[in-house]
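What you see below is based on every heavy atom in this structure, not just the backbone, and it leaves out hydrogens, waters and symmetry mates.
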Amino acid sequence: MSDNYSTGDGFKVRDLAMAEKGRMKIDWAESRMPVMMNLRKEHTAKQSLKGMRITGCLHVTKETAVLIEALADAGAEISWSGCNPLSTQDEVAAALAAAGTSIYAWHGMDTEAFYWCIDKTLEQKPTLTLDDGADLIFSVHNKHPELMDTIIGGTEETTTGVHRLRAMADDGALKYPVIAVNDAETKWDFDNVFGTGQSSLDGILRATSVLLAGKNFVVAGYGHCGSGCALRADGMGANVIATEVKPTAALKAVLNGHTVMKMDDAARVGDVFITATGMKDVILGRHFEVMKDGAIVCNTGHYDCEINIEELEAMAVSKRTIRENCEEYTMSDGRRIYILAQGRLVNLAAAEGHPSEVMDMSFANQFLSMVRLAAEGRDLDASVHDIPEEQDQHIAGIKLATMDHGLDELTTEQIEYLDDYSAGT
Ligand code: ADE
């Protein structure tokens with residue numbers, strides 16, 4: 001790979017000269033991540049991760065930098081890569097490299113470079129892996145099985161990754177324990193809903209600057225992420241249309257005041273489309289065929305296969321980048337369709353990802369899961385493990401306290417009343 005990047009012992013980033021700018025972004029994130037800063041102080045004193053080598057593959061953002069530096073302060077050696085070719089914030093990667101973190105990540109890499117970076121981080125011979133989308137775990141299992149001798153366990157950040165790892169465990173193919181960080185209540189109920197909702201609309205607006213009020217805003221998939229996007233688009237005055245395959249999810253969308261229809265019908269009326277399903281081919285050729293002139297299409301699911309861009313490419317007569325992160329495809333009848341961030345995660349590629357305040361809780365779960373694996377991972381079986389309920393309540397409790405909200409406590413009499421089956425009407 002011959003190119004103009006900053007490389008050195010243990011790193012390859014876009015340009016080390018961006019380090020100062022990156023450090024200011026990290027400082028900004030730290031000031032909005034009080035739970036992480038609390039955990040960092042406690043576990044720096046305890047050195048809970050001493051002797052651990054953590055290989056991570058997760059979006060390189062200012063919030064991730066806070067996680068990385070907390071893990072390092074708690075005693076771990078770190079080697080990191082980004083988990084999406086377009087999500088790395090180059091200035092943050094530079095700041096991390098300048099401060100001595102082993103990191104292989106830059107914005108705009110191709111697939112070959114993506115896996116090269118993962119391979120470089122694995123040279124560290126990890127004891128723990130930390131994933132967002134499971135590409136790192138898959139690489140260990142499929143390409144570097146010899147590394148499993150020293151790996152105690154791993155964590156997974158996303159819905160899609162956890163889903164695949166559970167399938168792998170069901171087949172007996174998963175060879176070490178993984179903690180499903182995604183499934184913690186303090187992760188999915190906040191990050192997936194409020195984080196995705198705000199950051200995806202942020203990405204759409206940065207890439208297009210269109211008015212959302214009065215637009216038909218089509219959300220494909222009304223799970224946690226899709227419902228978060230719907231909530232925020234609704235709040236900005238858009239008419240939300242949800243498409244679903246699951247009856248209960250569709251019903252929730254209807255009772256939240258949205259219209260539900262098949263994508264074949266939504267394709268004709270939508271102004272802005274966002275996919276949040278974790279499924280491939282949600283929007284494809286026959287949908288592009290009937291879309292209105294000016295339709296904007298983007299994705300906020302983990303992988304870039306939700307929109308079939310190859311079919312659009314084959315149908316279009318021309319293509320140009322009209323704005324940053326916004327590609328205009330012109331069809332033979334003159335209609336123009338706009339694809340944002342090449343169909344990759346619009347919130348991370350066109351904006352800065354979820355705000356620090358929600359990543360605070362998601363990464364507190366990552367951090368505590370690493371501490372748990374270091375202490376007891378050798379006793380866990382090779383399956384997908386849940387976050388303990390106490391951890392969720394602990395994290396939510398610290399978060400509330402740092403936000404200055406008071407919490408009531410049950411009295412002894414009230415606790416007794418809860419279990420008292422002699423008390424009735
Ligand atoms: N996923 C979504 N938003 C993120 C962020 N800000 N940092 C890391 N991972 C993310």
Side-chain angles (χ1 to χ4, degrees), residues 28-46 48 63 66-67 70 74 155 157-159 162 179-199 201 222-236 248-249 251-253 255-258 353-373 375-376 385-425:
W28 177 266
E30 279 184 358
S31 71
R32 279 153 182 78
M33 300 178 76
V35 182
M36 278 305 297
M37 298 312 279
N38 242 290
L39 292 174
R40 180 173 180 170
K41 193 165 165 207
E42 178 188 341
H43 291 276
T44 300
K46 289 185 183 160
S48 314
E63 292 77 22
V66 175
L67 170 65
T155 55
E157 172 84 4
T158 57
T159 316
V162 167
I179 297 181
V181 168
N182 178 71
D183 296 359
E185 197 179 342
T186 42
K187 198 279 182 183
W188 62 260
D189 222 6
F190 300 90
D191 169 317
N192 298 17
V193 181
F194 301 101
T196 306
Q198 178 166 322
S199 61
L201 289 220
Y222 198 74
H224 299 119
C225 297
S227 62
C229 295
L231 181 74
R232 293 301 173 232
D234 187 56
M236 293 185 78
T248 48
L251 200 53
K252 276 186 202 162
L255 296 201
N256 276 324
H258 310 316
H354 303 350
S356 310
E357 290 87 341
V358 285
M359 294 316 293
D360 192 21
M361 290 189 286
S362 308
F363 285 166
N365 279 300
Q366 281 287 3
F367 186 90
L368 288 174
S369 299
M370 286 284 124
V371 170
R372 176 177 165 208
L373 284 170
E376 52 187 75
H385 297 263
D386 285 330
I387 297 269
E389 161 75 10
E390 313 84 72
Q391 181 171 312
D392 259 332
Q393 297 307 334
H394 177 62
I395 290 174
I398 308 179
K399 187 76 181 170
L400 271 175
T402 62
M403 292 165 81
D404 252 349
H405 293 290
L407 201 59
D408 283 331
E409 274 180 46
L410 292 180
T411 62
T412 316
E413 291 74 28
Q414 285 176 313
I415 293 171
E416 280 166 11
Y417 172 80
L418 265 184
D419 294 335
D420 183 0
Y421 51 85
S422 70
T425 309

- Asp191 and Glu157, any side-chain heavy atoms less than 4.5 Å apart: yes

- Task: Mind checking the CZ-CG spacing from Phe190 to Asp360? Nearest 0.5 Å is all I need.
- Result: 12.0 Å

- Query: Should we count CD of Glu30 as having more than 12 external heavy atoms under 6.0 Å?
  - Reply: yes

- Query: Which value, rounded to the nearest 0.5 Å, describes the distance between Leu373 atom CG and Leu368 atom CG?
  - Reply: 11.0 Å

- Item | Residues Val181, Phe363; criterion side-chain contact (heavy atoms from CB on, under 4.5 Å); working and verdict | CA-CA 9 Å; Val181 168; Phe363 285 166; over 6 Å; no

- Partner set under side-chain contact (heavy atoms from CB on, under 4.5 Å) for Leu255, not counting sequence neighbours: none

- Task: For the residue pair Asp234 and Asn256, establish whether any side-chain heavy-atom pair is separated by less than 4.5 Å.
- Result: no

- Between Pro34 and Ile398, is any pair of side-chain heavy atoms under 4.5 Å apart? no

- Task: Of all the heavy-atom pairs spanning Ala230 and Tyr222, show the shortest one and how long it is.
- Result: CB-CE1, 3.7 Å

- Task: Measure the shortest side-chain to side-chain distance between His354 and Glu63 over non-hydrogen atoms and say whether it is less than 4.5 angstrom.
- Result: no

- Query: What is the minimum heavy-atom distance between Gly197 and Arg232, and which atoms define it?
  - Reply: C-CG, 3.7 Å

- Begin from the C-alpha positions of Glu376 and Arg372 and carry the test side-chain contact (heavy atoms from CB on, under 4.5 Å) through to its verdict. CA-CA 6 Å; Glu376 52 187 75; Arg372 176 177 165 208; 3.5 Å; yes

- Task: May I have the step-by-step check of side-chain contact (heavy atoms from CB on, under 4.5 Å) for His224 and Thr159, ending in yes or no?
- Result: CA-CA 10 Å; His224 299 119; Thr159 316; 5.8 Å; no

- Item | Atom pair OG (Ser369) and NE2 (His385), whose distance is rounded to the nearest 0.5 Å | 11.5 Å

- Task: Kindly determine whether Thr402 and Met37 satisfy side-chain contact (heavy atoms from CB on, under 4.5 Å), including the steps that lead there.
- Result: CA-CA 11 Å; Thr402 62; Met37 298 312 279; over 6 Å; no

- Message: If the condition is side-chain contact (heavy atoms from CB on, under 4.5 Å), which residues does Asp392 pass it with, not counting sequence neighbours?
- Response: Ala184, Glu185, Thr186, Asn365

- Task: Looking only at non-hydrogen atoms, find the nearest pair between His43 and Ser48 and report the distance.
- Result: ND1-OG, 2.6 Å

- Message: For Thr411, is there any backbone N or O sitting under 3.5 Å from a side-chain donor or acceptor partner on Gln414?
- Response: yes

- First locate atom NZ of Lys187, then atom CG of Asn182, and finally report the distance between them rounded to the nearest 0.5 Å. 4.0 Å

- Here the gap from Leu231 atom CG to His258 atom NE2, rounded to the nearest 0.5 Å, amounts to 7.0 Å

- What heavy-atom pair brings Ala364 and Met36 nearest, and what distance separates the two atoms? N-SD, 3.5 Å

- Message: Looking at Asp386 and Ala180, would you say the former's side chain and the latter's main chain have a donor-acceptor pair under 3.5 Å?
- Response: no

- Student check: side-chain heavy atoms of Arg32 and Pro355 closer than 4.5 Å: no

- Gap between atom CG of Leu39 and atom CE of Met370 - 0.5 Å precision: 14.0 Å

- Query: Which atom pair, heavy atoms only, marks the closest approach of Leu201 to Ala233?
  - Reply: CD1-N, 3.5 Å

- Side-chain donor/acceptor of Lys399 to backbone N/O of Val358, under 3.5 Å: no

- Look only at the side chain of Thr196 and the backbone of Val193, and say whether a donor-acceptor pair between them is shorter than 3.5 Å. no

- Counterpart residues, side-chain hydrogen bond (donor to acceptor under 3.5 Å, both in side chains), relative to Asp183 (two or more places apart): Arg166

